[in-house]
Amino acid sequence: MRLMSQLDMSTLRFGQHLIKASAVFLRTELSFALVNRKPVVPGHVLVCPLRPVERFRDLQPDELADLFSTTQRVANLVEKHFNATSLTIAIQDGPEAGQTVKHVHIHVLPRKPGDFDRNDSIYDELQKHDRENEDIPSKWRSEEEMAAEASYLRKQIENP
Ligand code: AMW
């Protein structure tokens, strides 16, 4: 069996962070999806492998397949439930690409007409959104707000 380095069933590791079950809205055999503490747009969520590897190249074929099929499920879910019409799906793979959490994660961002004056500005925001006030918890969303969003998404998965 693969070693998962998870602490217990109610906490998942996301790089240096411990993620409470209340922020996780989907868990598969090899992946999980969580709500973002500092979303760039409403419904900006993250999909990660359960095994806390740093780079995209570190994923095994079964993890890669599970991560991408989970991302497709999550992308459909947030596009629908955040009333979006498109999606930006992105991986910042390595520090020079903007990665701050050393655990592979796919950003899924629901997009709407006119959400940014310049469409590609979303990539500038993605690069800087978690660098500003990184260590100031009051700039993050509250645990309650994140739990409410995750609970809403979980319900949509259970009763589509
Ligand atoms: W990277 O800049 O590494 O591509 O993205 C890290 C993402 O993880 C950011 O969107 C950031 O807001 C998010 N994030 C960091 N820590 C947490 C956490 N504890 N819970 C939820 N999201 C987090």
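Residue numbers start at 1 and run along the sequence shown. No experiment lies behind these values; they were computed from the predicted model shown. Counting starts at 1 for both ligands and their atoms, in listed order.
- Here the protein heavy atom with the shortest distance to atom 8 (O) of ligand 1 is Leu46 CD1, 3.4 Å.
- Taking 4.0 Å as the cut-off, Phe14 counts as a neighbour of ligand 1 on heavy-atom distance.
- If you check which protein heavy atom lies closest to atom 1 (W) of ligand 1, you get His105 NE2, 2.9 Å.
- Ligand 1 does not have Lys102 within reach: every non-hydrogen atom of the residue lies 4.0 Å or more from it.
- In this structure, the side chains of Leu26 and Arg73 come closer than 4.5 Å at one or more pairs of heavy atoms.
- Close contacts of ligand 1 with Gln99, meaning ligand atoms under 4.0 Å from a residue heavy atom, involve 3 (O).
- Distances between N or O atoms of Leu126 and those of ligand 1 include no value under 3.5 Å.
- Using a 4.0 Å cut-off between charged nitrogen and carboxylate oxygen, Arg118 and Asp124 count as a salt-bridge pair.
- When only non-hydrogen protein atoms are considered, atom 19 (N) of ligand 1 lies nearest to Ile19 CD1, 3.6 Å.
- Put simply, part of His107 is less than 4.0 Å from ligand 1, judged by heavy atoms.
- Counting only heavy atoms from C-beta outward, the side chains of Val41 and Phe82 never approach each other to under 4.5 Å.
- Contacts with ligand 1 closer than 4.0 Å are made by no heavy atom of Ile91, backbone or side chain.
- Residue Leu34 touches ligand 1 through its side chain alone, judged by heavy-atom distances below 4.0 Å.
- Defined by atom type and a distance below 3.5 Å, a donor-acceptor pair is present between the side-chain atoms of Arg111 and Asn119.
- Residue Gly43 comes nearest to Pro110 through the heavy atom pair O-CD, 3.3 Å, listed as atom of the first residue, atom of the second, then distance.
- At least one side-chain heavy atom of His105 sits less than 4.5 Å from a side-chain heavy atom of Gln99.
- In the displayed structure, Glu54 atom CD is contacted under 6.0 Å by more than 12 heavy atoms of other residues, nucleotides or ligands.
- Of all heavy-atom pairs spanning Pro49 and Phe32, the tightest one is O-CE2, 3.6 Å.
- With a heavy-atom cut-off of 4.0 Å, Val35 touches ligand 1 through its backbone alone.
- At least one N or O atom of Asn36 sits closer than 3.5 Å to an N or O atom of ligand 1.
- Counting heavy-atom neighbours within 6.0 Å of Lys102 NZ, excluding the residue itself, gives a total of 12 or less.
- Within the listing of ligand 1, atoms 1 (W), 2 (O), 4 (O) sit less than 4.0 angstrom from a heavy atom of Gln92.
- Smallest separation of non-hydrogen atoms from His44 and Lys38: ND1-O, 4.4 Å.
- Here Val101 has heavy atoms under 4.0 Å from ligand 1 in both its backbone and its side chain.
- Residues Phe25 and Ile157 approach most closely at O-CD1, 3.6 Å, considering heavy atoms.
- Closest to atom 23 (C) of ligand 1 among all protein heavy atoms lies Arg37 CG, 3.7 Å.
- Applying the 4.0 Å criterion to heavy atoms of His17 picks out, from ligand 1, the atoms 15 (C), 16 (N), 19 (N).
- Ligand 1 is never approached by Gln127 to a heavy-atom distance shorter than 4.0 Å.
- For the pair Thr11 and Lys20, the minimum side-chain heavy-atom distance is 4.5 Å or more.
- Looking from atom 9 (C) of ligand 1 to the surrounding protein, the closest heavy atom is His129 NE2, 3.2 Å.
- The protein heavy atom nearest to atom 3 (O) of ligand 1 is Thr100 N, 2.6 Å.
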